[in-house]
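Report on the following structure.
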Amino acid sequence: MSKPSIPLVAVTSDVRSFDNYTWHATPEQYLAAAIEGAGVIPLLVPSFGAAIDLDSVLATVDGVLVTGSKSNVHPSLYGKEPTTAHEPFDPARDATSLPLIRRAIELGVPLLAICRGIQELNVALGGTLATEIQELAERIDHRAPDTSQLAERFALRHPVLVKPGSCLAEIMETDTVQVNSAHRQAIDAPAPSLEIEALAEDGTIEAVSVKDAKGFVLGVQWHPEIWVKSDSPSRKVFTAFGDAVRAHRAARLSLAAAE
Ligand SMILES: N[C@@H](CCC(=O)NCCCC(=O)O)C(=O)O
C-alpha cells in the first residue's frame, strides 16, 4: 500500500526588495509551524494578484495559511484615507490575499489567518481596521518589544479571554490563553459574517471565526506559529488547522473517486 500523501497548504507571501531583487517571501516560522505543527506541506503563493488563478490553487491545496507581516492592509480597501500611520503597505499582497481568503471561504477550504491575516480576513469580508491602537484610550500597547531576538519579540505577554462555546474554546479547552503580541493595528468594525472568538482585556479583538462557514476558518491576532513546539495553546491551533486540512483532503479525494 502506497504511503498516504501529505496535504498541501497555500501560504501567502510578502513582496520585499533586497540584494537588488524583488522577492515574494514569508518568514520561516510560518512554514516550520505548518510542517511541524499542522503536519502539512506549505506552498508559497506569489503575490501576483489577478494573475494567479485562485481556483487552480484552491483545487490543488487543502488549506490556506494567511501569515503575519509588518506591512498593513491598504486603508482604501476598507474606506479610509491612507496616512503615514497606516504604512508600510504591500498592495500586491493585498491584491492576492484578500481574494484568496474570500474564495477559500466560499469553497470551504480550511483557512488559518494570523495577525495581518486576521486583519485581511476582516477587510476581505467587509470590516475595518484601527491603526496605532496603542494610542487609543484604554488600550494596552500590543506592539512587540523593540528587539530583533525572536524569543523576546514573541514572548507570551498578555492573556486573551476565549468566548465560551466558541470554535476556539473547543480547540483550546480553556477560557484564558496567554499570547504574544506584535501589532499596531486591529479589527475596528468586525465584518458582519465574523464571530468574535476571543478578546484581550482591553477589548481588542484577538480571534474570530466565520458564522456558518462551510469549512474551518480561524483568525488570530497573535502568533501561535512561534511556539508550536513548546506551548500547548499554540500547538492546538496548528493541530486543529491540520486536522481540518486532512479532513478536507479526504473529502476531496473521496469525491474525486466517486466521479
Ligand atoms: N502589520 C500589522 C500586522 C502585524 C503582524 O502581522 N505582525 C507580524 C510581524 C511582527 C514583527 O516581526 O514585527 C499590524 O501591525 O497590526
Side-chain angles (χ1 to χ4, degrees), residues 11-16 18 23-34 42 44 47 64-78 80 82-98 100-101 111-124 127-136 139-158 160 179-191 194 198-200 202-208 218-228 234 237-238:
V11 181
T12 52
S13 57
D14 294 352
V15 179
R16 303 294 298 268
F18 52 88
W23 304 69
H24 293 232
T26 197
E28 181 180 74
Q29 59 259 28
Y30 299 102
L31 306 173
L44 275 183
S47 288
V64 176
L65 175 59
V66 190
T67 67
S69 173
K70 288 187 179 178
S71 70
N72 296 318
V73 180
H74 198 279
S76 63
L77 294 169
Y78 50 93
K80 291 196 178 170
T83 68
T84 52
H86 292 98
E87 295 175 359
F89 300 131
D90 185 347
R93 157 117 186 209
D94 294 339
T96 309
S97 58
L98 297 188
L100 176 62
I101 288 167
L111 184 134
L112 175 59
I114 294 171
C115 207
R116 192 197 208 260
I118 187 178
Q119 297 167 6
E120 289 172 300
L121 172 59
N122 184 49
V123 171
T128 64
L129 304 178
T131 196
E132 303 302 6
I133 59 170
Q134 66 279 356
E135 295 170 8
L136 301 177
R139 296 289 183 112
I140 64 172
D141 189 344
H142 287 259
R143 292 173 296 182
D146 186 13
T147 168
S148 59
Q149 297 299 315
L150 280 191
E152 275 180 65
R153 207 170 168 69
F154 292 100
L156 303 178
R157 290 195 296 120
H158 72 75
V160 299
V179 301
N180 48 31
S181 191
H183 60 106
R184 302 163 32 220
Q185 299 199 334
I187 292 175
D188 188 13
L194 287 189
L199 294 172
D202 67 355
T204 300
I205 295 172
E206 290 279 348
V208 297
L218 179 65
V220 292
Q221 187 61 73
W222 67 90
H223 289 271
E225 75 283 359
I226 303 286
W227 303 116
V228 285
S234 297
V237 169
F238 273 85

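Just so you know, ligand 1 is whichever comes first in the structure, and atom 1 is the first atom listed for that ligand. Hydrogens, waters and symmetry mates play no part in the numbers below; they use all other heavy atoms, side chains included.
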Looking only at heavy atoms of Q221, does any of them come nearer than 4.0 Å to an atom of ligand 1?
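Flag not set, Q221 not near ligand 1.
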
Give a yes/no on ligand 1: does H223 have at least one heavy atom closer than 4.0 angstrom to it?
yes

When you compare the side chains of [X] and [Y], does any donor N or O come within less than 3.5 Å of an acceptor on the partner?
{"X": "E225", "Y": "H223", "value": "yes"}
{"X": "R93", "Y": "T67", "value": "yes"}
{"X": "D202", "Y": "H158", "value": "no"}

Just distances here: any N/O of [X] and N/O of ligand 1 closer than 3.5 Å?
{"X": "A182", "answer": "yes"}
{"X": "R184", "answer": "yes"}
{"X": "H183", "answer": "no"}

Salt bridge (Lys or Arg N to Asp or Glu O under 4.0 Å) with R116: which of D90, D14, D94?
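Filter result, single survivor: D94.
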
Just to be sure I read this right, does ligand 1 sit under 4.0 Å from the backbone of [X], its side chain, both, or neither, counting only heavy atoms?
{"X": "A144", "answer": "neither"}
{"X": "A186", "answer": "neither"}
{"X": "R143", "answer": "neither"}
{"X": "F154", "answer": "side chain"}

Under 6.0 Å between ring centres: does that hold for W23 and F18?
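Ring centroids of W23 and F18 are less than 6.0 Å from each other.
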
For the pair R184 (side chain) and Q134 (backbone), establish whether a donor and an acceptor sit closer than 3.5 Å, ignoring hydrogens and angles.
no

